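No experiment lies behind these values; they were computed from the predicted model shown. The residues of the chain are indexed from 1 along the displayed sequence.
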Amino acid sequence: MFSKKKYLIQLYNALHPEDKTITQADLEIVTLQSILLNGIYNDLGFMVRGKQLMILVEAQSTWSANIVIRALIYLMSTYQDYFNANQIQLYGSHKVKMPKPELYVIYTDDKGNHPDVLSLKDEFFPDMDCCIDAKVKMIYLQDSDDIIDQYIGFCRVCNEQVALNGRTLKAVKEIIRICRDRNLLREYLSERETEVEEIMSTLFDQEHVWNIERNNIRAAALAEGRSEGINQGILQKETQVVLKMFKHNMPVEDIADISELSVEEVNDILKKAMVIH
């Protein structure tokens with residue numbers, strides 16, 4: 001959705017309501033794209049007025065302090081792309097100019113006791129003199145009708161309907177209907193209803209196929225009475241499915257949710273695959 005500038009500018013307006021002069025032409029998308037398996041990608045990155053501001057935004061449904069580490073990696077990679085694209089030499093004697101960074105995470109679950117700002121130093125080096133810090137502003141559900149709150153509302157309706165109807169086409173249609181009735185991303189869903197249905201159905205189907213394949217492997221290995229076959233077969237299938245989803249730019253948290261692995265297990269599979277590749 002935010003790859004479309006008419007929605008991206010709404011996001012920027014929600015983050016910077018004081019800026020009354022911004023136009024769509026002032027925004028440039030710089031989201032990292034993962035072409036190779038060992039590449040990295042983020043949810044959203046965009047520049048404001050060319051060299052003024054660099055904003056990176058992530059969406060997160062489960063809490064992890066590691067968010068701030070990933071945000072820092074995304075920021076450094078985006079800066080590297082910026083310096084290369086603008087032929088900026090970092091080894092010269094003069095001080096270069098660089099856009100000011102802002103890091104955000106849209107957290108779709110309840111705030112609970114989570115902080116408003118997630119600090120790398122405070123989380124990982126609280127009692128040490130650390131030479132580096134990064135701060136991510138956490139965005140939670142507010143009493144607002146801006147596009148961020150609508151996005152969070154959409155995610156929550158999605159979770160509710162999946163709990164009621166499973167990962168089915170019925171759930172998808174109910175999600176879209178309810179969100180349109182509640183004025184949650186109504187314009188976007190009206191414009192792209194078929195596309196949204198197809199994307200969500202595909203994600204649901206991937207999970208369904210994964211569960212069938214995993215159960216088939218386990219049943220076959222059990223029938224042959226080989227526990228080693230169970231473990232090896234499941235491990236191979238897990239690796240194949242994780243890599244396939246990762247190649248399609250699916251976030252690690254979603255891969256873990258669909259495959260019923262932990263985030264750490266998914267990352268371990270990806271690390272081993274990256275060494276091979």
Side-chain angles (χ1 to χ4, degrees), residues 1-61 67-88 96-108 134-139 146-152 154-155 184-196 198-200 202-203 245-255:
M1 178 174 65
F2 292 122
S3 66
K4 311 301 179 185
K5 285 193 176 182
K6 74 174 183 177
Y7 299 107
L8 184 62
I9 196 170
Q10 294 180 46
L11 174 62
Y12 176 78
N13 286 335
L15 299 175
H16 284 277
E18 78 286 354
D19 188 349
K20 306 299 183 182
T21 63
I22 193 73
T23 67
Q24 292 185 28
D26 293 327
L27 305 179
E28 175 191 357
I29 295 173
V30 294
T31 306
L32 297 169
Q33 300 295 326
S34 177
I35 299 175
L36 302 176
L37 178 60
N38 60 351
I40 66 169
Y41 66 95
N42 60 333
D43 286 345
L44 177 65
F46 62 99
M47 295 272 293
V48 181
R49 297 187 179 95
K51 300 180 180 180
Q52 176 180 330
L53 192 63
M54 180 182 289
I55 297 178
L56 304 186
V57 184
E58 295 293 301
Q60 192 78 21
S61 59
I67 298 169
V68 68
I69 300 177
R70 297 203 306 269
L72 182 59
I73 292 173
Y74 300 149
L75 178 62
M76 292 300 100
S77 295
T78 307
Y79 269 135
Q80 185 176 34
D81 288 349
Y82 172 80
F83 293 140
N84 290 338
N86 290 277
Q87 298 182 335
I88 296 175
V96 303
K97 293 182 179 181
M98 57 194 294
K100 175 189 173 184
E102 291 184 356
L103 305 176
Y104 298 91
V105 166
I106 300 174
Y107 189 64
T108 60
K135 295 181 179 180
V136 177
K137 182 176 180 181
M138 304 299 301
I139 302 176
D146 65 31
I147 199 165
I148 297 178
D149 261 26
Q150 291 183 47
Y151 172 81
I152 296 174
F154 172 87
C155 293
L184 300 174
L185 308 181
R186 178 188 292 172
E187 181 181 3
Y188 180 77
L189 294 175
S190 297
E191 289 178 346
R192 297 174 174 268
E193 179 173 352
T194 300
E195 181 182 350
V196 173
E198 290 176 353
I199 291 173
M200 296 184 71
T202 298
L203 290 174
M245 288 189 284
F246 186 75
K247 286 180 179 179
H248 284 81
N249 288 344
M250 186 176 292
V252 170
E253 289 78 11
D254 291 347
I255 296 175

Pairwise distance CG(Leu15) to CD(Gln10) - rounded to 0.5 angstrom
12.0 Å
Measure the CD-CG distance between Glu187 and Leu189 for me, rounded to the nearest 0.5 Å.
10.0 Å
Would you please name every residue forming a side-chain contact (heavy atoms from CB on, under 4.5 Å) with Glu58, sequence neighbours left out?
Asn42, Asp43, Tyr74, Val105
For Glu102, all residues meeting side-chain hydrogen bond (donor to acceptor under 3.5 Å, both in side chains), sequence neighbours excluded
His16, Tyr104
Taking it one step at a time, do Lys4 and Glu191 satisfy salt bridge (Lys or Arg N to Asp or Glu O under 4.0 Å)?
CA-CA 12 Å; Lys4 311 301 179 185; Glu191 289 178 346; over 6 Å; no
Run the numbers on Lys6 and Met1 for side-chain contact (heavy atoms from CB on, under 4.5 Å), then give the verdict.
CA-CA 9 Å; Lys6 74 174 183 177; Met1 178 174 65; over 6 Å; no
Asp81: which residues meet the side-chain hydrogen bond (donor to acceptor under 3.5 Å, both in side chains) condition with it, sequence neighbours left out?
none
With sequence neighbours excluded, what pairs up with Glu193 under the side-chain contact (heavy atoms from CB on, under 4.5 Å) test?
Ile176, Arg180, Glu197
Distance check, rounded to the nearest 0.5 Å: Phe154 atom CZ versus Ile147 atom CD1?
12.0 Å
CG of Leu8 to CZ of Phe2: how many Å apart, nearest 0.5 Å?
8.0 Å
I'd like to check the side-chain hydrogen bond (donor to acceptor under 3.5 Å, both in side chains) partners of Arg186; sequence neighbours left out, ordered by chain and number.
none
Once rounded to the nearest 0.5 Å, what's the spacing between atom OG1 of Thr108 and atom CD1 of Ile148?
13.0 Å
Would you please name every residue forming a ring pair (Phe, Tyr, Trp, His ring centres under 6.0 Å) with Tyr151, sequence neighbours left out?
none
Salt bridge (charged side-chain N to carboxylate O under 4.0 Å, His left out) involving Lys100 - partner list, sequence neighbours excluded
none
For a side-chain contact (heavy atoms from CB on, under 4.5 Å) check, start with the C-alpha distance between Val57 and Tyr12, then their side-chain angles and the critical distance, and finish with the verdict.
CA-CA 11 Å; Val57 184; Tyr12 176 78; over 6 Å; no
Heavy-atom check, side chain of Leu56 versus side chain of Thr78, under 4.5 Å
yes
Residues forming a ring pair (Phe, Tyr, Trp, His ring centres under 6.0 Å) with Tyr188, sequence neighbours excluded:
Tyr7
Is the backbone N or O of Phe83 less than 3.5 Å from a side-chain atom of Gln87, with the two atoms forming a donor-acceptor pair by type?
no
Run the side-chain contact (heavy atoms from CB on, under 4.5 Å) check on Leu53 and Met47 step by step: do they pass?
CA-CA 6 Å; Leu53 192 63; Met47 295 272 293; over 6 Å; no
Would you say the side chain of Leu75 lies within less than 4.5 Å of the side chain of Met54, judging by non-hydrogen atoms?
yes
Residues passing the salt bridge (charged side-chain N to carboxylate O under 4.0 Å, His left out) test with Glu28, sequence neighbours excluded, are none
Supply the atom-to-atom distance Ile152 CD1 to Ser61 OG, rounded to the nearest 0.5 angstrom.
11.5 Å
Taking salt bridge (charged side-chain N to carboxylate O under 4.0 Å, His left out) as the cut-off, I'd like each qualifying pair that reaches into residues 7-27, sequence neighbours left out, listed once.
Asp19-Arg49, Asp26-Arg49
I'd like to check the salt bridge (charged side-chain N to carboxylate O under 4.0 Å, His left out) partners of Glu198; sequence neighbours left out, ordered by chain and number.
none
Go through the steps to decide whether Leu103 and Lys137 satisfy the test side-chain contact (heavy atoms from CB on, under 4.5 Å), and finish with yes or no.
CA-CA 6 Å; Leu103 305 176; Lys137 182 176 180 181; over 6 Å; no
Please name all residues satisfying side-chain hydrogen bond (donor to acceptor under 3.5 Å, both in side chains) with Tyr79, sequence neighbours left out, ordered by chain then number.
none
Is there a donor-acceptor pair under 3.5 Å between the side chain of Lys5 and the backbone N or O of Leu27?
yes
